[in-house]
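For reference, positions follow the sequence shown, starting with 1.
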Amino acid sequence: QLLPWKGDEVTTLAQEGRDQQVFEAATAAYNSVDLRTHEGKKVRRSLHTKVWGAEIEGKAGLIGPSRCKLLRLAQLSVSMAKSGPVDQKLVEAITGLWAFNLQFRRPLFAFMYDIYHQLSPGGPEDLFKLTQGARNELMVLASCAPLCVCDARALPDSFLYCVDASPSGAGVCRAEVGVEVSGELWRRGDKVGYRMPLLSRLQSSLKGSGWDEEAVLSEEESTGDEG
């Protein structure tokens, strides 16, 4: 919810709001079934708090991972990026930590490719060296660590965009729908997205030549089965 500004922080935070009603109703529901809330974990209208691994700066409008932990992760990544041995468990741990932090600025996932393909030639505890590409990605992630925050006050774009692509080209269009409609679509829309399998090289070549690749492949499969 958004509280109307009353001239100063104390007066603004002291006014009644829907959040207080929700918390009071939740407490009453807990008490009705003989459950008790944890008084030490209550957070009410705090301008700076940490919840579920996220650090919220209400006054600045920023949400992201714990800044101290993010700094230590960047320092660890720089150390790993140096030419030296690592093991599979360490690689999996560092990729998992970065995956959590990058959720607050998802475009940064573009810098995680080679690091996901690092496999120990032996067991999980056998030492091996990261590839140059993986070490470069760790350095880039460490450099971009301060960007792993989300600006909760950013206004939605007044335009709605649609994109599509194929092996031979790409297209994009937009329509002006206004900030309110765009904001509602963002709030209600599915942000996870859907994965579409890419065509194989053979399918892509056939489709680019105007052939129906599915019919050709089904014919090849039936011929192979008969043979």
Side-chain angles (χ1 to χ4, degrees), residues 1-27 29-30 36-81 92-112 115-116 137-161 177-193:
Q1 71 174 7
L2 294 177
L3 295 174
W5 180 252
K6 298 297 184 179
D8 59 82
E9 292 181 7
V10 176
T11 306
T12 300
L13 296 177
Q15 62 183 313
E16 295 184 358
R18 182 173 56 86
D19 59 326
Q20 295 175 333
Q21 299 173 1
V22 171
F23 283 128
E24 290 176 359
T27 301
Y30 267 66
R36 294 293 179 267
T37 58
H38 195 298
E39 295 296 330
K41 293 185 177 180
K42 281 187 176 181
V43 179
R44 301 291 186 268
R45 295 190 175 181
S46 173
L47 295 179
H48 193 168
T49 187
K50 297 179 181 179
V51 182
W52 291 346
E55 184 173 351
I56 304 173
E57 298 180 60
K59 193 171 184 178
L62 299 177
I63 304 174
S66 172
R67 310 300 188 264
C68 295
K69 293 181 179 179
L70 181 60
L71 175 60
R72 290 195 290 268
L73 177 59
Q75 293 172 336
L76 177 59
S77 300
V78 172
S79 299
M80 280 188 61
E92 292 176 355
I94 204 75
T95 52
L97 290 171
W98 273 117
F100 171 77
N101 287 275
L102 298 186
Q103 291 181 95
F104 298 96
R105 186 60 65 90
R106 297 187 67 85
L108 293 179
F109 272 108
F111 297 118
M112 293 187 70
I115 191 64
Y116 274 128
E137 288 179 353
L138 289 175
M139 291 296 292
V140 172
L141 290 172
S143 302
C144 295
L147 302 178
C148 293
V149 293
C150 176
D151 186 359
R153 296 180 179 178
L155 296 176
D157 197 336
S158 60
F159 286 89
L160 181 65
Y161 298 85
V177 296
V179 174
E180 293 185 1
V181 174
S182 179
E184 281 299 303
L185 289 174
W186 171 257
R187 186 173 69 88
R188 298 173 181 271
D190 186 358
K191 301 178 183 62
V192 177

Minimum heavy-atom separation for [X] and [Y], please, with both atom names.
{"X": "Leu70", "Y": "Pro65", "result": "CD2-CG, 4.1 Å"}
{"X": "Ala152", "Y": "Ile63", "result": "CB-CD1, 4.1 Å"}
{"X": "Trp98", "Y": "Cys148", "result": "CZ3-SG, 4.3 Å"}
{"X": "Ala99", "Y": "Tyr116", "result": "CB-OH, 3.9 Å"}
{"X": "Ala74", "Y": "Ala142", "result": "O-CB, 3.6 Å"}

Verify the neighbour count for atom CE of Met112: are there more than 12 heavy atoms of other residues, nucleotides or ligands below 6.0 Å?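 Atom CE in Met112 is crowded, with more than 12 foreign heavy atoms closer than 6.0 Å.
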Does OH belonging to Tyr30 count more than 12 external heavy atoms closer than 6.0 Å? no
[atom1] of [X] to [atom2] of [Y]: how many Å apart, nearest 0.5 Å?
{"X": "Phe23", "Y": "Arg44", "atom1": "CZ", "atom2": "CZ", "result": "4.5 Å"}
{"X": "Gln15", "Y": "Gln20", "atom1": "CD", "atom2": "CD", "result": "9.0 Å"}
{"X": "Gln75", "Y": "Arg72", "atom1": "CD", "atom2": "CZ", "result": "8.5 Å"}
{"X": "Cys144", "Y": "Leu102", "atom1": "SG", "atom2": "CG", "result": "9.5 Å"}
{"X": "Lys50", "Y": "Ile56", "atom1": "NZ", "atom2": "CD1", "result": "11.5 Å"}
{"X": "Glu57", "Y": "Thr49", "atom1": "CD", "atom2": "OG1", "result": "11.5 Å"}

Within-4.5 Å side-chain heavy-atom neighbours: [X] and [Y]:
{"X": "Leu141", "Y": "Ser77", "result": "no"}
{"X": "Phe111", "Y": "Leu138", "result": "no"}
{"X": "Val149", "Y": "Arg67", "result": "yes"}

What is the ring orientation for Phe104 with Phe100, classed by angle as parallel under 30°, tilted 30 to 60°, or perpendicular over 60°? perpendicular
Ser182 side chain to Asp157 main-chain N or O, any donor-acceptor pair under 3.5 Å? yes
